[in-house]
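The next block holds one structure in the form of structure tokens; read it before the comments.
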Amino acid sequence: MMSSEIADNAERIRQRIRQACERAKRSPDDVNWIAVSKTRPPEHIREAVVDAGLTVFGESRVQEAAQKIEHCPTGLGWHFIGHLQRNKARLAAALFDCVHSIDSLPILQALDAAAGQQGRFLDVFLQVNVSGEASKFGVAPAELNGLAMAAAGCRNLNLCGLMTIPPAVRNPPDARPFFRQLFDLSQSCSEAVGISNLGLSMGMSHDFEIAIEEGATWIRVGSALFGRRT
Ligand SMILES: *Cc1c(COP(=O)(O)O)cnc(C)c1O
């Protein structure tokens, strides 16, 4: 039998997802895993597809993705998780199925227009700066419902939920209050906008189990699968 490190890592991650779901009394079917492939070459992505059965990948740079995707297997889902600039909206709309990092009205409108021009329909998440750190992208909680209302009105975008990146903490459980805050915001936002079941994009390699316990429906896990980024 051929042994693949990526396949072994994927099996361990799936096991940890199942265990976190068990603790939270949730179904693993409700937790989607985006394999974050930024900085990884197409060969590693192919290995993740062929040996580990992964089908959804996350990239944080539009330009990098543009060069990479054409060398990857077809039929995969591509999610954009980095900060989106307006001048990259056209290319992002062409390359990606989902954008997790909408954090302003101009970006939202630029992506909606770009998707419309290309006959594309994209899923979007609104990135929320729950910690209020100046260094973090994301809409302020107080401005979330207004942006969500605008997103719900976009013809070429489908509002799927909220996304956050908690502050860097040494102990994963210390991220829990930020995940919980995003969950609470999704409840009030759902009500304000009239959309039930907003998803939650939260949790990375070091804290995805905590995120699952707090309701994550999309986890973004890269280095636990592919190894440390250099
Ligand atoms: C890089 C990145 C991830 C994945 O981080 P890992 O620690 O490699 O799992 C998740 N989300 C965002 C927004 C990222 O930029």
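Each ligand, and each atom within it, is numbered from 1 in the order the structure gives.
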- prompt: Using a distance-only test with no angle check, is there a side-chain donor-acceptor pair under 3.5 angstrom linking Ser201 and His100?
  reply: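 Note: Ser201 and His100 side chains meet the donor-acceptor criterion.
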query: Can you name the residues that form a side chain to side chain contact (heavy atoms under 4.5 Å, CB included) with Cys154, not counting sequence neighbours?
result: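 Result, side chain to side chain contact (heavy atoms under 4.5 Å, CB included) vs Cys154: Leu108, Asp112, Leu157.
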Residues which pass side chain to side chain contact (heavy atoms under 4.5 Å, CB included) with Arg120, listed by chain and number, not counting sequence neighbours: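 So Arg120 forms a side chain to side chain contact (heavy atoms under 4.5 Å, CB included) with Asp97, Ala115, Gln118, Leu122.
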- prompt: Mind checking what makes ring pair (Phe, Tyr, Trp, His ring centres under 6.0 Å) contact with Phe178, not counting sequence neighbours?
  reply: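 Residues passing ring pair (Phe, Tyr, Trp, His ring centres under 6.0 Å) with Phe178: none at all.
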Contact residues of ligand 1 (heavy atom under 4.0 Å), by chain and number: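 Protein residues near ligand 1 are Val36, Lys38, Ile81, Ile165, Met204, Ser205, Arg220, Val221, Gly222, Ser223, Arg229.
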message: When you compare the side chain of Leu91 with that of Gln63, does any pair of heavy atoms fall below 4.5 Å?
response: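 Answer yes - side chains close enough.
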message: For a salt bridge (Lys or Arg N to Asp or Glu O under 4.0 Å) check, start with the C-alpha distance between Arg176 and Glu213, then their side-chain angles and the critical distance, and finish with the verdict.
response: CA-CA 9 Å; Arg176 191 183 298 280; Glu213 289 171 16; 2.9 Å; yes
